[in-house]
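I have placed the structure first, in the form of structure tokens, so that the comments after it can refer back to it.
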Number of protein chains: 2
Amino acid sequence: MPKQTVELTEAEWTIIKTVWEHEPCAAPTIQEKLHRQTEWTYSTVRTLMDRMVAKGLLTAEKIRNLTLYQSAVTRQQAQRGELLYALKNAFNGALTPMLQCLLETGDLSSEELTELESLIKQKKMTRKR
Amino acid sequence: MPKQTVELTEAEWTIIKTVWEHEPCAAPTIQEKLHRQTEWTYSTVRTLMDRMVAKGLLTAEKIRNLTLYQSAVTRQQAQRGELLYALKNAFNGALTPMLQCLLETGDLSSEELTELESLIKQKKMTRKR
DNA sequence: TTGCCATCTCTACATTTGTAGATAATGCTT
DNA sequence: AAGCATTATCTACAAATGTAGAGATGGCAA
């Protein structure tokens, strides 16, 4: 069964996003891809990734001299985890205020707002089945 | 000027939510209020609160033998900070996908959905001013 | 005035997170 | 076979986070 509640640190987010884009991939690859953004050395990336394996966020398979990594949680799961964390701590589990705050926070274009409306309509449909 | 990016750890969230409800208040008060929920000792609560003062999340004023605390960031600010953190890390800054994921995540009643719709309509109004 | 209770102060310590160097092993190239 | 480049291993360490005990202090009740 998949991890119930996925929680990632900021550095882990950085890593896993790159893994999702390149998996299966080796640590040096990730290091290169991130180098511009983070300046992390190979050691840093490697340590992070191995810790993530220990936590069940990634899987590693060793082939000869190369360790190939893959994500063990999906983007969806991770995103959901992040949202649930915020929901629980910042909003005491109340979804509507959270959505409200998010709407206020953002610069949404009218198109995006319209898109949201249809998402909500859709959601309404599904709900009352 | 207020802190523009507020970030709280989970323990800090627990503390500040109780402070918001009782401020100005002393550490022992917070400890009592949280006791059921967290089992934290006075020392723990106190340490946390003093660290939060150092970070500018709370303010403290000493009156004789009593230290009175108050929040230095509003609930709004803190909530926004949490959301911005999630937005940046989990959604690469893309608001719509975040909202979408949130909609999918939650058990929203039709009433809540309707409420959201009107929020969006309102937002649309404001936008095209 | 004595002692108790509430509150504070200081220090401590384990774990997690962020970061990385030094050294070893592997395997390709000549 | 030797050397070079790539990758891996192991160890380290500072800062942040979570948690708390021991002892000092101040004020009130008897």
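All values below were derived from every heavy atom in this structure, side-chain atoms included, with hydrogens, water molecules and symmetry-related copies excluded.
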Before giving the answer on salt bridge (charged side-chain N to carboxylate O under 4.0 Å, His left out), spell out for R51(B) and E12(B) the whole-Å C-alpha distance, their side-chain angles and the decisive distance to 0.1 Å.
CA-CA 9 Å; R51(B) 283 183 190 163; E12(B) 286 168 349; over 6 Å; no
Just do the side-chain hydrogen bond (donor to acceptor under 3.5 Å, both in side chains) check on T44(B) and T47(B) with the steps written out, would you?
CA-CA 5 Å; T44(B) 299; T47(B) 303; over 6 Å; no
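Interatomic distance, L95(A) CG to T105(B) OG1, rounded to the nearest 0.5 Å: 7.5 Å.
Counting all heavy atoms, side chain and backbone alike, I30(A) lies closest to C25(A) at CD1-SG, 3.5 Å. Minimum heavy-atom separation, A27(A) to Y42(A): CB-CE1, 3.8 Å.
Distance E32(A) CD to dT7(D) C1': 12 Å, rounded to the nearest Å. The CG atom of L66(B) sits 7 Å away from the P atom of dT7(C) (whole-angstrom rounding). Distance CD (E7(B)) to P (dT17(C)): 15 Å, rounded to an integer number of Å. Note: CG (N65(A)) to P (dT26(C)) measures 7 Å, nearest angstrom. Per the geometry, CE belonging to M52(A) stands 14 Å off P belonging to dT19(C), to the nearest Å. Rounded to whole Å, the distance from CG on L68(A) to C1' on dT7(D) is 12 Å. I30(A) has its CD1 atom 12 Å from the P atom of dA8(D), to the nearest Å. Whole-Å rounding puts the E61(B) CD to dC8(C) P distance at 13 Å.
Between the side chain of K123(A) and the main chain of L103(B), a donor-acceptor pair closer than 3.5 Å is present. Here the side chain of Q77(A) pairs a donor or acceptor atom with the backbone of T74(A) at under 3.5 angstrom. Side chain of T126(B) to main chain of Q122(B): a donor-acceptor pair is present (N/O by atom type, distance under 3.5 Å, no hydrogens or angles).
Counting only residues at least two apart or in different chains, side-chain hydrogen bond (donor to acceptor under 3.5 Å, both in side chains) contacts with residues 81-93 of chain A comprise W13(A)-E82(A), K88(A)-E10(B), N92(A)-K17(B).
Of the residues in residues 82-91 of chain A, not one places a heavy atom less than 4.0 Å from an atom of DNA chain C.
Neither OP1 nor OP2 of dT26(C) sits under 4.0 Å from any side-chain N or O of R64(A).
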Which parts of nucleotides 9-21 of chain D does protein reach within less than 4.0 Å, heavy atoms only, written one letter per nucleotide 5' to 3' as B for base, S for sugar-phosphate only and - for none?
B-------BBBBB
